[in-house]
Amino acid sequence: MKQRVSALLREKLGREVVLEKPRDRSFGHFATPIAFSLAKELKKSPMLIAEELANSFHDSEEFASVESVKGYLNFRLSEGFLAEYASWALKNPSDFAKGEKNQKILLEFVSANPTGPLHIGHARGAVYGDTLYRLAKHLGYDITAEYYVNDAGNQIDLLGLSIQLYARENILKESVEYPEAYYRGEYLEELANGAQEKFGVEIFTNESRQKELAMWAKDKVMEIIVSTLADTNIHFDTFVNESGLYDDWDRVMKKMGANVYEKEGKLWISSQTKGDDHDRVVVREDGRPTYLAGDIVYHNQKFERGYEHYINIWGADHHGYIPRVNAAIDFLGYDSNKLEVLLSQMVSLLKDGEPYKMSKRAGNVILMSDIIDEIGADALRFIFASKKSDTALEFDLAEFKKEDSSNPIFYIQYAHARIKTMLSKASVAKDDITNASLKNLGENADMLLFDALLLPEVVEDAFTSRQVQKLPEYLKSLAASLHKFYYDVKIIGTEDEAKLLKLLCVVALSLKTGLSLMGIAAKDKMTKEEE
RNA sequence: GCGUUCGUAGCUCAGCUGGAUAGAGCACUGGUUUGCGGUACCAGCGGUCAGGGGUUCGAAUCCCUUCGGGCGCACCA
């Protein structure tokens with residue numbers, strides 16, 4: 001819709017024009033302050049320019065009116081244009097708001113270490129990534145969702161050790177001394193029991209079998225992670241294991257040429273020449289690779305797979321890491337501008353106004369699965385998708401357990417369910433609704449129809465700006481328009497029933513499509529949960 | 001200290017490719033259609049958009065600066 005209007009303006013003026021939705025509905029559907037910018041060039045008053053432009057649109061069929069007001073140009077789309085678009089959408093519901101981009105994108109997100117279950121911080125990145133993924137898919141991008149599994153290095157050794165310590169204390173009833181760093185949490189019990197069954201208790205006391213235990217355990221942890229993600233409707237296309245990448249090590253190092261050098265018995269990359277604070281070690285004196293080493297091979301592999309664009313979602317605490325990875329990509333001979341790193345910020349939780357208690361059994365982190373148990377996956381997704389991902393967020397769980405308009409996910413679902421209920425009570429035939437005209441609906445209905453048809457613009461905008469919160473914001477406001485319309489206008493049993501129901505079908509389509517892009521299924525009925 | 005990011009209503013947050021009177025929910029006050037789910041709707045209250053300067057016809061939005069908070073500054077991940 002907006003694209004169409006933009007295109008018309010571009011044609012007429014020979015330049016890109018800023019189009020906005022006027023705050024005040026009485027100004028029409030779209031508006032542009034273009035006359036102000038033109039005023040200087042043309043040495044004429046904005047009012048005059050706007051006036052002339054308005055007149056020049058007189059006979060276009062897309063617009064019911066084009067008016068100039070105080071230098072602004074206000075457009076009102078014609079009923080015919082809106083009606084035609086809406087009818088098309090209802091006939092092709094699965095194509096609604098779809099796009100035809102076909103850029104090949106690799107999106108890497110979550111990538112939490114397989115050393116423990118996902119916590120609330122991971123959840124935010126997971127939801128953000130998956131929402132972007134859904135939006136991109138819908139827009140036609142050829143996008144791949146990838147999880148990078150850090151299954152090599154210290155943290156894996158630590159996992160083996162932690163299970164041994166846990167088992168020796170809790171299963172073998174030995175008294176053990178814990179080192180400074182080790183993992184804790186309820187999941188260790190599950191792992192220890194599983195290991196006992198599989199290997200026998202000997203695995204817990206034999207230090208040389210720590211690695212074997214760890215390798216088994218990290219796969220188990222991945223299973224836990226994948227199942228938590230699945231509970232949230234998040235699925236990955238590919239998993240890449242760090243441990244499988246090192247075969248390529250020599251070749252990749254050679255690729256970086258003179259940008260790798262040896263000093264003090266270690267291997268460094270000269271990332272400082274690319275704006276990093278200092279050069280970084282990639283191989284330690286004892287020959288063990290650093291974390292960065294894995295990322296270098298991984299990113300080399302990514303670029304060799306040949307995507308047009310790369311997106312990584314990282315926790316914001318890793319933002320200092322960006323320059324060195326960019327440097328490595330450049331050294332490998334690729335364009336680091338193709339890599340876009342998006343950050344997902346910290347989350348702090350409240351429950352009834354009090355800081356959410358981190359349970360000891362969970363290891364003093366808030367588990368993602370616990371939050372799903374408390375408020376459900378839909379609410380979890382909605383919260384995280386609703387806020388800009390790169391700003392810190394604090395929210396109260398209690399708000400999402402309520403069943404009224406203060407709970408946005410509930411509010412939107414209710415709007416959808418209301419429409420479905422009405423359709424089931426319709427006194428006219430289905431065909432009458434499908435064939436009804438959407439013209440002469442009146443001002444209010446017209447605006448509601450327009451609102452419902454805005455989804456395509458929102459989807460496109462939300463993805464290209466990487467600001468997924470635009471989608472839930474839009475759905476909230478569409479739901480509000482629907483509830484208000486419902487209150488103002490009687491539908492069933494009136495003369496206009498068929499056409500009004502058709503209008504509601506468009507709203508329902510928009511809500512349902514929007515929700516599904518957030519990984520949430522629209523409800524046809526609201527059922528009260530009994531406590 | 002350096003880098004980065006944020007500072008919008010009492011609270012949680014939108015708005016930030018610069019544009020017409022600064023928005024929503026919560027909280028607080030009051031109201032609502034014989035009409036289809038009141039699980040909804042409407043109204044009131046509440047803001048020097050952290051402070052200061054600059055660019056512009058126009059700044060919450062862009063630039064500079066001060067203050068305040070987060071995060072980072074490993075051969076940890």
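Quick note on labels: first sequence line is chain A, next is B, and so on, each numbered from 1. Basis for what follows: all heavy atoms, side chains included, without hydrogens, waters or symmetry-related copies.
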(message) Considering every strand and a 4.0 Å limit on heavy-atom distances, what is the contact class for N74(A): base, sugar-phosphate, or nothing?
(response) base
(request) Taking only the side-chain nitrogens and oxygens of K470(A), find out if one of them lies under 4.0 Å from OP1 or OP2 of C13(B). (result) no
(request) Please name all residues satisfying side chain to side chain contact (heavy atoms under 4.5 Å, CB included) with V18(A), sequence neighbours left out, ordered by chain then number. (result) none
(request) Check the pair E51(A), S68(A) against side-chain hydrogen bond (donor to acceptor under 3.5 Å, both in side chains), reporting the backbone distance first and the verdict last. (result) CA-CA 5 Å; E51(A) 194 63 40; S68(A) 80; 2.7 Å; yes
(request) Any chance you could lay out the salt bridge (charged side-chain N to carboxylate O under 4.0 Å, His left out) test for K2(A) and E460(A), step after step, and finish with the verdict? (result) CA-CA 11 Å; K2(A) 190 173 175 180; E460(A) 167 113 31; over 6 Å; no
(message) Work out how far the P atom of C6(B) is from that of C16(B), and round it to whole angstrom.
(response) 14 Å
(request) Please determine, for the side chain of K402(A), which listed nucleotide (A77(B), G38(B), C26(B)) has the closest atom? (result) C26(B)
(message) Against the six-membered ring of Y182(A), is R184(A) placed for a cation-pi contact (under 6.0 Å from the centre, within 45° of the normal)?
(response) yes
(request) Report the secondary structure of RNA chain B in dot-bracket form, marking unpaired bases with a dot and bases paired to a different strand with |, and treating Watson-Crick or G-U pairs with both distances under 3.5 Å as paired. (result) ((((((((.[[[[.)...(...]]]].(((((.......))))).....[[[[[..)....]]]]])))))))....
(message) What is the distance, to the nearest angstrom, from the CZ atom on R124(A) to the C1' atom on U12(B)?
(response) 13 Å
(message) Classify D396(A) by what it touches in the nucleic acid, base, sugar-phosphate, or nothing, heavy-atom distance under 4.0 Å.
(response) nothing
(request) Ignoring the backbone of Q467(A), work out which of A77(B), C73(B), G15(B) is nearest its side chain. (result) G15(B)
Between the protein and nucleotides 28-32 of chain B, list the N/O to N/O atom pairs that are separated by less than 3.5 angstrom.
unit_1	atom_1	unit_2	atom_2	d
U32(B)	O2'	Y487(A)	OH	3.1
U32(B)	O2	Y487(A)	OH	2.7

(message) On RNA chain B, does the nearest nucleotide to K484(A) precede the nearest nucleotide to R324(A) from the 5' side, or the other way round? Give the residue.
(response) K484(A)
(message) Would you measure the distance from the P atom in C62(B) across to the matching atom in A14(B) and give it in whole Å?
(response) 15 Å
(message) List the residues meeting ring pair (Phe, Tyr, Trp, His ring centres under 6.0 Å) with Y147(A), not counting sequence neighbours, and say none if there are none.
(response) F236(A), F239(A)
(request) Report yes if a side-chain nitrogen or oxygen of Q469(A) is closer than 4.0 Å to either non-bridging phosphate oxygen (OP1 or OP2) of G15(B); otherwise report no. (result) yes
(request) Rounded off to whole Å, could you give me the CZ-to-P distance for the F30(A) and G19(B) pair? (result) 16 Å
(request) Using the test side chain to side chain contact (heavy atoms under 4.5 Å, CB included), find all partners of R284(A) that sit at least two apart in sequence or belong to another chain. (result) N154(A), D286(A), R288(A), T290(A)
(message) Quick check for you: among A40(B), G25(B), A20(B), whose closest atom lies nearest to any side-chain atom of V69(A)?
(response) A20(B)
(request) Give a yes or no on whether the ring-centroid distance for F395(A) and Y356(A) is below 6.0 angstrom. (result) no
(request) Name all pairs fulfilling the salt bridge (Lys or Arg N to Asp or Glu O under 4.0 Å) condition that reach into residues 481-507 of chain A, sequence neighbours left out, sorted by first residue then second. (result) K484(A)-D488(A)
Give each protein N/O atom lying under 3.5 Å from an N/O atom of nucleotides 57-60 of chain B, with the pair distance.
unit_1	atom_1	unit_2	atom_2	d
C57(B)	OP1	K40(A)	NZ	3.0

(request) Give a yes or no on this: more than 12 heavy atoms of other residues, nucleotides or ligands lie within 6.0 Å of atom NZ of K12(A). (result) yes
(request) Flag this pair as yes if the NZ/CZ of R466(A) is under 6.0 angstrom from the six-membered ring centre of F463(A) and inside a 45 degree cone about the axis; otherwise no. (result) yes
(request) Could you tell me which residues satisfy ring pair (Phe, Tyr, Trp, His ring centres under 6.0 Å) with H299(A), sequence neighbours excluded, listed by chain and number? (result) none
(request) Using the closest heavy atom to pick a nucleotide of RNA chain B for each, name whichever of A417(A) or A31(A) lands nearer the 5' end. (result) A31(A)
(request) State plainly whether the residues E473(A) and K470(A) are in salt-bridge range, i.e. N to O under 4.0 Å. (result) no
(request) Measure from the side chain of I492(A), starting at C-beta and using heavy atoms only, and say which of C36(B), A20(B), C41(B) lies closest. (result) C36(B)
(message) Taking C63(B) as the reference, what is the distance to U55(B) when you measure between their P atoms (whole Å, please)?
(response) 16 Å
(message) Expected output is a numbered-order residue list: members of residues 153-160 of chain A with a heavy atom under 4.0 Å from any atom of RNA chain B. What is it?
(response) N154(A), Q155(A)
(message) By the 4.0 Å heavy-atom rule, please label D24(A) as base, sugar-phosphate, or nothing.
(response) base
(request) Using the P atom on both, measure C26(B) against G68(B) and round to a whole Å. (result) 36 Å
(request) Between C64(B) and A24(B), how far apart are the P atoms? Round to whole Å, please. (result) 33 Å
(request) Among the candidates A77(B), G72(B), C13(B), find the nucleotide nearest to the side-chain atoms of K387(A). (result) C13(B)
(message) Using a 4.0 Å heavy-atom cut-off, does L350(A) contact any base of the nucleic acid, only the sugar-phosphate backbone, or nothing at all?
(response) nothing
(message) Side chain of K490(A), heavy atoms from C-beta onward: which of G19(B), C13(B), C36(B) has the nearest atom to it?
(response) C36(B)
(request) Scan side-chain atoms only and decide if H309(A) and E340(A) contain a donor-acceptor pair under the 3.5 Å cut-off. (result) yes
(request) Report yes or no: is the cationic atom of R418(A) (NZ for Lys, CZ for Arg) under 6.0 Å from the centre of the six-membered ring of Y486(A), at an angle within 45° of the ring normal? (result) yes
(message) Taking the six-membered ring for Trp, are F57(A) and F75(A) closer than 6.0 Å centroid to centroid?
(response) yes
(request) Mind listing the residues from residues 282-296 of chain A sitting with a heavy atom below 4.0 Å of RNA chain B? Number order is fine. (result) R284(A), T290(A), Y291(A)
(request) Measure centre to centre between the rings of Y148(A) and Y298(A), then say whether the value is under 6.0 Å. (result) yes
(request) For G38(B) and U34(B), measure between their P atoms and round to the nearest Å. (result) 14 Å
(message) Taking G23(B) as the reference, what is the distance to U61(B) when you measure between their C1' atoms (whole Å, please)?
(response) 15 Å
Could I get a table of every N or O pair under 3.5 Å where one atom is in the protein and the other is in nucleotides 3-11 of chain B?
unit_1	atom_1	unit_2	atom_2	d
G3(B)	N2	H319(A)	NE2	2.8

(message) Just to verify, what does D279(A) make a side chain to side chain contact (heavy atoms under 4.5 Å, CB included) with, not counting sequence neighbours?
(response) Y261(A), W268(A), S270(A), S271(A), Q272(A)
(message) If only side-chain N and O atoms count, and only distance matters, is there a donor-acceptor pair under 3.5 Å linking S406(A) with Y411(A)?
(response) no
(request) Look at K211(A) together with D157(A) and state whether they make a salt bridge at an N to O cut-off of under 4.0 Å. (result) yes
(message) Side chains of D24(A) and S26(A) only: does a donor on one sit below 3.5 Å from an acceptor on the other?
(response) yes
(request) Sticking with atom C1', work out how far A40(B) lies from U65(B), rounded to a whole angstrom. (result) 50 Å
(message) Tell me the interatomic distance from K21(A), atom NZ, to A22(B), atom C1', rounded to whole angstroms.
(response) 17 Å
(request) In whole angstrom, give the distance that lies between atom CE of M346(A) and atom C1' of G72(B). (result) 12 Å
(message) Is the distance from the ring center of Y72(A) to that of F36(A) below 6.0 Å?
(response) yes
(message) Taking 5.5 Å and 30° as the limits, would you call Y486(A) and the base of A40(B) a stacked pair?
(response) no
